[in-house]
Amino acid sequence: MSTLLVTGGAGFIGANFVRHALEHTDHDVIVLDKLTYAGNLASLEGLPADRFRFVRGDIADAAVVGELVAELAPATDAIVHFAAESHNDNSLEGPRAFLDTNVVGTFTLIEAARQRDLRFHHISTDEVYGDLELDDPAKFTELTAYRPSSPYSSTKAASDLLVAAWVRSFGLRATISGCSNNYGPYQHVEKFIPRQITNVLRGQRPKLYGTGRNVRDWIHVDDHNSAVLAILDHGRIGETYLIGANGERDNLDVVETILELLGQPRDAYDLVSDRPGHDLRYAIDATKLHAETGWTPRYTDFRDGLARTIEWYRANEAWWAPQKDATEARYAEIGR
Ligand code: NAD
Ligand code: TDX
């Protein structure tokens, strides 16, 4: 492959992917991003102009997508599809944009990809499988039944089903990956870990939903992205691969660790009202990914990865400060 068309490359995981791919591979990169509230050009500053280009546009706009895919060479190039409306809380307040981008946007991209016989990789999430009980010994695998809970996860599930059907009906050369919760630099302050870090940095208290006992399976964003590159290189067409790094922690534990790393008392947080339909626990079994691609995670010490992430937010207030007040105002409106 020589050129990657990366949708959503101005968002959290996409921007980290673009940086990772330019540093660790010889691919050129074109980013297609609408620059919604979640997209930030500052996340793509300083990239080499001879290997990187940014195009502002909507993945649901067939004319824009058609023009870009016409530039790609089927034998060597690929589309890596990160663009999405990604926040569960927003999907509960206004689901429409989730259908437009996650469902119609993905449809528009796979139509263009199959017409040009382009390799396609679809970024999905473990949330399509619903949730697990706290004491369930099982984890999600590629064979777990789809049981999405929220408007966000149901639109991601719908997009997965479209991709799988386009493989079978039209021979689309696609793979799908479902990753667990990511953390790391350039994540929007609406999400759990950056919200709490930036609250403490501003002298405000972290906000835990419900009892704080919900469990997420944390993975560093660089490990997610190295797995995506491994799937592009070694994944089998038509297959789904779950990506995870055995990082299960409950939210209370994460908040206490953030407070401790920032020199605050471990109980200096507030419990706030719960998210409706709040998934209890996610956990990934990544055996298939390890076996078929040889991928392994680099960030195996969560506390160390979190400490690095805290340092990034401390050093990059100019990146997150412009979004912080508006984000907290939205949370205040819904009482969380
Ligand atoms: P994000 O919200 O930070 O970024 C999304 C990006 O997509 C933004 O730059 C935004 O401008 C862009 N975008 C939105 N609608 C668009 C449209 N119609 N056309 C073009 N661009 C558009 O999201 P993220 O956290 O980086 O997630 C990226 C992908 O990874 C998503 O598909 C998400 O479902 C998936 N995922 C995320 C996580 C996580 O923990 N964040 C975990 C598993 C999977
Ligand atoms: O202020 C908060 N307090 C809190 O307790 C926020 C913002 C969240 N939470 C809880 C809710 C979840 O149990 O923290 C956990 C993580 O919340 P989010 O960061 O909103 O992530 P989640 O809903 O788990 O979804 C994330 O992981 C899977 C991403 O946003 C999705 O895009 C991805 O698919």
Side-chain angles (χ1 to χ4, degrees), residues 6-17 31-41 43-44 55-61 64-65 80-92 97-98 100-102 104-106 108-109 122-128 131 148-150 152-153 155-156 159-160 177-184 186-196 199 206-219 221 224-225 228 242-244 249-252 254-255 269-275 277-282 284 327-328 330-331 336:
V6 178
T7 72
F12 162 47
I13 306 175
N16 279 286
F17 178 81
V31 165
L32 171 62
D33 196 295
K34 186 179 174 181
L35 295 181
T36 67
Y37 80 95
N40 192 340
L41 277 183
S43 306
L44 296 169
V55 177
R56 184 172 192 175
D58 188 335
I59 56 165
D61 182 336
V64 170
V65 170
V80 188
H81 174 35
F82 290 94
E85 286 291 337
S86 70
H87 193 37
N88 275 298
D89 290 323
N90 295 343
S91 81
L92 296 163
F98 290 72
D100 292 340
T101 288
N102 301 359
V104 180
T106 301
T108 308
L109 289 168
H122 180 61
I123 305 291
S124 192
T125 169
D126 59 358
E127 297 196 17
V128 298
D131 59 359
S149 315
S150 72
Y152 163 67
S153 53
T155 56
K156 291 298 290 186
S159 67
D160 293 5
S177 56
C179 192
S180 59
N181 283 62
N182 287 217
Y183 72 98
Y186 301 107
Q187 187 169 28
H188 195 280
V189 290
E190 70 187 354
K191 300 296 193 323
F192 177 57
I193 286 181
R195 184 181 186 204
Q196 315 312 342
N199 272 8
K207 309 284 182 214
L208 269 173
Y209 294 173
T211 60
R213 289 299 178 194
N214 301 62
V215 170
R216 296 295 181 263
D217 190 352
W218 294 101
I219 182 172
V221 64
H224 181 181
N225 286 328
V228 170
L242 295 195
I243 305 172
R249 296 235 168 180
D250 71 25
N251 295 336
L252 178 59
V254 174
V255 158
Y269 58 81
D270 293 330
L271 293 177
V272 295
S273 65
D274 209 354
R275 169 187 285 170
H278 194 175
D279 281 340
L280 189 53
R281 171 177 164 240
Y282 306 137
I284 292 265
T327 302
E328 288 305 318
R330 277 203 301 279
Y331 277 123
R336 291 201 285 279

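Both counts, for ligands and for their atoms, begin at 1 and track the order of listing.
Ligand 1 has no nitrogen or oxygen under 3.5 angstrom from a nitrogen or oxygen of Glu85. Note: an N/O pair closer than 3.5 Å links Tyr152 and ligand 1 by distance alone. Backbone and side-chain nitrogen or oxygen atoms of Phe192 are examined, and one is located within less than 3.5 angstrom of a nitrogen or oxygen of ligand 2. Between Phe82 and ligand 1, an N or O atom pair is found at a separation short of 3.5 Å. Considering backbone and side-chain N/O of Ser86, one or more are found under 3.5 Å from N/O of ligand 1. For a threshold of 3.5 Å applied to N or O pairs, the pair formed by Glu190 and ligand 2 contains no separation below that value. Considering backbone and side-chain N/O of Tyr152, one or more are found under 3.5 Å from N/O of ligand 2. At a 3.5 angstrom cut-off on N or O pairs, Asp33 counts as close to ligand 1. The distance criterion of under 3.5 Å between nitrogen or oxygen atoms is met by His278 with respect to ligand 2. At least one N or O atom of Asn251 sits closer than 3.5 Å to an N or O atom of ligand 2. No N or O atom of Trp218 sits closer than 3.5 Å to an N or O atom of ligand 2. Taking any N or O of Asp126, backbone or side chain, none lies under 3.5 Å from an N or O belonging to ligand 2.
Counting heavy atoms under 4.0 Å from ligand 2, residue Glu127 touches it through the side chain alone. For Lys156, no heavy-atom contact with ligand 2 is shorter than 4.0 Å.
Near Gln196, meaning under 4.0 Å from one of its heavy atoms, ligand 2 places the atoms 1 (O), 2 (C), 3 (N). In summary, the atoms of ligand 2 found under 4.0 Å from a heavy atom of Lys207, numbered by their order in the structure, are 1 (O), 2 (C), 3 (N), 4 (C), 5 (O). Counting the atoms of ligand 2 from 1 in the order shown, those under 4.0 Å from a heavy atom of Thr125 are 28 (C), 33 (C), 34 (O). Near His87, the atoms of ligand 2 lying under 4.0 angstrom from a non-hydrogen atom of the residue are 20 (O). Close contacts of ligand 2 with Tyr331, meaning ligand atoms under 4.0 Å from a residue heavy atom, involve 7 (C).
In this structure, His188 falls outside the shell of residues with a heavy atom less than 4.0 angstrom from ligand 1. Not a single heavy atom of Ala15 sits closer than 4.0 Å to an atom of ligand 1.
Of the listed options Lys191, Gln187, His188, Lys191 places a heavy atom closest to atom 30 (O) of ligand 2. Across Glu328, Arg275, Arg195, heavy-atom proximity to atom 18 (P) of ligand 2 is greatest for Arg275. Residue nearest to atom 24 (O) of ligand 2, selected from Arg216, Arg281, Glu85: Arg216 (by heavy-atom distance). In this comparison of Leu252, Asn181, Val254, the heavy atom closest to atom 26 (C) of ligand 2 sits on Asn181.
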Task: Candidate pair Asn251 and Tyr269, rule side chain to side chain donor-acceptor pair (under 3.5 Å), full reasoning - done: CA-CA 11 Å; Asn251 295 336; Tyr269 58 81; over 6 Å; no
Open item on the list: Quick one, Asp217 with Ser180, criterion side chain to side chain donor-acceptor pair (under 3.5 Å). Give me CA distance, side-chain angles, the key distance, then yes/no.
Closed with: CA-CA 6 Å; Asp217 190 352; Ser180 59; 4.5 Å; no
- [ ] Given side chain to side chain contact (heavy atoms under 4.5 Å, CB included), test Ile243 with Ile284 step by step and report yes or no.
- [x] CA-CA 7 Å; Ile243 305 172; Ile284 292 265; 6.0 Å; no
